[in-house]
Colleague: 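Could you have a look at this structure, given as structure tokens, before my questions?
Given the structure is predicted, the values throughout are model-derived calculations rather than measurements.
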Amino acid sequence: MKVAVYIGIGRTGDGLDARVEKLLADFRDAGTEVCVIDEGVDLTGCDFLLSIGGDGTFLAASAMSVQSGVPVVGVNLGRVGFLSENRPEVVAEALLSGDYVVEERSVLEVSLPDGNVFWPYAFNEFTVHRSGAAMLGVDVDIDGVSLPTYWADGLILSTSSGSTAYSLSAGGPIVLPDARVLTLTPIAPHNLNIRPLVVPDSATVRFRVHSRDAKVVFTADNRSLEVSDGAEMEMRVAQFSLKRVRLNCSDFINALTEKLFWGEDVRNIK
């Protein structure tokens, strides 16, 4: 077995965090080849890509994973972590013993106006944001059917995997990761009667932005660029997916209750 390791959180002035050192030692003691890598490294011949840090680190690692087809494993050294949910103490034993499953998670792709050089994929979400003080208007159509214009600070199109990320903070619904849907969630909307909207992941979604500011910010997960007022973008689920390793000891509902205190109520104490 050969394991590539991408470390976002876990480095100290003296080297690596002790938990990371122990994880790598567990693999090496079992005869596994371990390579600590940077972004852009060729992963040919690797069996797994370990993302060590938080969900931001996982998003950076996911770009390498989808380009190489190597399954990515999230190892959590951050604060919350829905993508990087695994404690470093359990990862080596689970992978070495085969106590895991490889999930196929949806990836979004976007067509942007000509001239924008940008890696056009996202695992969690695409968003448009105002760049200045002026409110943003976003015209949306889904498979050619127009929706009422969103007047807001911005608009999020998220995958089911991204429902616990930016969309959740903006009031969007929690979606189980294996649900085949996309969610439209406005950011600070100025429409009193607007709500998040769930659409099938087979849909093609188009945004057209207009603002009194000359530029609008477009983001793909943790990357961003500026587009011009009036720009149009077309988004859909990509023809490939992200291979994400889920350890059998991991559970999405338990993660909600433990990390976000979902259902926290004195009546629910067991």
Side-chain angles (χ1 to χ4, degrees), residues 39-40 56 58-68 105-163 165-167 169-170 172 180-191 194-242:
E39 289 187 55
F58 186 95
L59 292 175
S62 68
M64 293 184 278
S65 175
V66 296
Q67 292 178 81
S68 65
R105 293 286 189 94
S106 295
V107 175
L108 289 171
E109 68 173 332
V110 63
S111 297
L112 291 167
D114 292 342
N116 288 294
V117 180
F118 195 68
W119 195 66
Y121 302 103
F123 180 63
N124 271 348
E125 73 271 317
F126 289 134
T127 75
V128 287
H129 292 263
R130 63 177 185 166
S131 63
M135 187 184 302
L136 184 65
V138 187
D139 299 327
V140 181
D141 74 57
I142 299 171
D143 289 335
V145 178
S146 296
L147 305 182
T149 298
Y150 287 81
W151 296 98
D153 283 358
L155 185 61
I156 305 166
L157 179 69
S158 70
T159 62
S160 54
S161 299
S163 75
Y166 195 2
S167 177
S169 300
R180 311 296 293 184
V181 297
L182 304 174
T183 304
L184 277 169
T185 306
I187 305 165
H190 203 254
N191 308 66
I194 204 161
R195 294 290 184 272
L197 180 66
V198 178
V199 301
D201 72 351
S202 58
T204 296
V205 180
R206 295 180 178 86
F207 287 176
R208 182 179 184 276
V209 295
H210 42 95
S211 170
R212 291 195 300 273
D213 295 316
K215 295 292 185 179
V216 173
V217 177
F218 177 83
T219 73
D221 289 338
N222 50 3
R223 295 165 289 115
S224 65
L225 81 161
E226 287 189 330
V227 297
S228 299
D229 173 42
E232 297 185 16
M233 50 220 67
E234 182 175 284
M235 294 156 286
R236 62 177 61 82
V237 170
Q239 294 301 306
F240 57 86
S241 59
L242 173 73

Colleague: How long is the gap from CG on Leu112 to CE on Met235, to the nearest 0.5 Å?
Modeller: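 Rounded to the nearest 0.5 Å, the CG-CE separation comes out at 9.0 Å.
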Colleague: Side chain of Arg223, backbone of Tyr121: donor and acceptor closer than 3.5 Å?
Modeller: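 Side chain of Arg223 to backbone of Tyr121, a donor-acceptor pair under 3.5 Å: yes, one is there.
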Colleague: Is there side-chain contact between Val216 and Ser131, with at least one heavy-atom pair below 4.5 Å?
Modeller: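 A side-chain contact under 4.5 Å is absent here.
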Colleague: Judged by atom type as modelled, is there a donor-acceptor pair below 3.5 Å linking the side chain of Ser65 to the main-chain atoms of Ala61?
Modeller: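 Not confirmed, Ser65 side chain does not pair with Ala61 backbone.
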Colleague: Is Ser228 close to Lys215 at the side-chain level, that is, under 4.5 Å between some pair of heavy atoms?
Modeller: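 In contact.
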Colleague: Are the side chains of Leu184 and Tyr150 in touch, meaning some heavy atoms are under 4.5 Å apart?
Modeller: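 The answer is yes; the side chains approach within 4.5 Å.
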Colleague: Output the distance between atom CZ (Arg236) and atom CZ (Arg206), rounded to the nearest 0.5 Å.
Modeller: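 The distance works out to 7.0 Å.
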Colleague: Regarding Asp141 and Ser146, is there a side-chain donor-to-acceptor distance under 3.5 Å anywhere?
Modeller: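 Checked: Asp141/Ser146 side chains show no N/O donor-acceptor pair below 3.5 Å.
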Colleague: Given side chains that start at C-beta, do those of Ser202 and Arg180 come closer than 4.5 Å, heavy atoms only?
Modeller: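 No, too far: nothing below the 4.5 Å cut-off.
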Colleague: Check whether any side-chain N or O of Asp221 sits under 3.5 Å from a backbone N or O of Glu125 as a donor-acceptor pair, and report yes or no.
Modeller: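 Yes, Asp221 side chain to Glu125 backbone: donor-acceptor pair under 3.5 Å.
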Colleague: How close do Leu242 and Val107 get, counting heavy atoms only, and between which atoms?
Modeller: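 Taking Leu242 first and Val107 second, the nearest heavy atoms are N-CG2, 3.7 Å.
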Colleague: Can you measure from CD1 (Ile156) to OG (Ser169) and round to the nearest 0.5 angstrom?
Modeller: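 So the CD1 of Ile156 and the OG of Ser169 are separated by 8.0 Å.
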Colleague: Could you check if a side-chain atom of Asp139 sits within less than 4.5 angstrom of a side-chain atom of His210, using non-hydrogen atoms only?
Modeller: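 Of all side-chain heavy-atom pairs linking His210 with Asp139, at least one is under 4.5 Å.
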Colleague: Regarding Ser158 and Ser163, is there a side-chain donor-to-acceptor distance under 3.5 Å anywhere?
Modeller: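 On atom types as modelled, these side chains do not qualify, holding no pair under 3.5 Å.
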Colleague: For residues Leu136 and Asp153, determine if any side-chain heavy atom of one lies less than 4.5 Å from a side-chain heavy atom of the other.
Modeller: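 Contact flag for Leu136/Asp153 side chains = no.
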Colleague: Give the ring-plane orientation class for Phe218 versus Phe118, where under 30° counts as parallel, over 60° as perpendicular and anything between as tilted.
Modeller: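 Aromatic pair Phe218/Phe118 classed perpendicular.
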Colleague: Side chains of Val140 and Leu157: closer than 4.5 Å at any heavy-atom pair?
Modeller: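 When only atoms from C-beta onward are counted, Leu157 and Val140 do not touch, as no gap falls below 4.5 Å.
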Colleague: Do the side chain of Asn191 and the main chain of Trp151 share a donor and acceptor less than 3.5 angstrom apart?
Modeller: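 Present.
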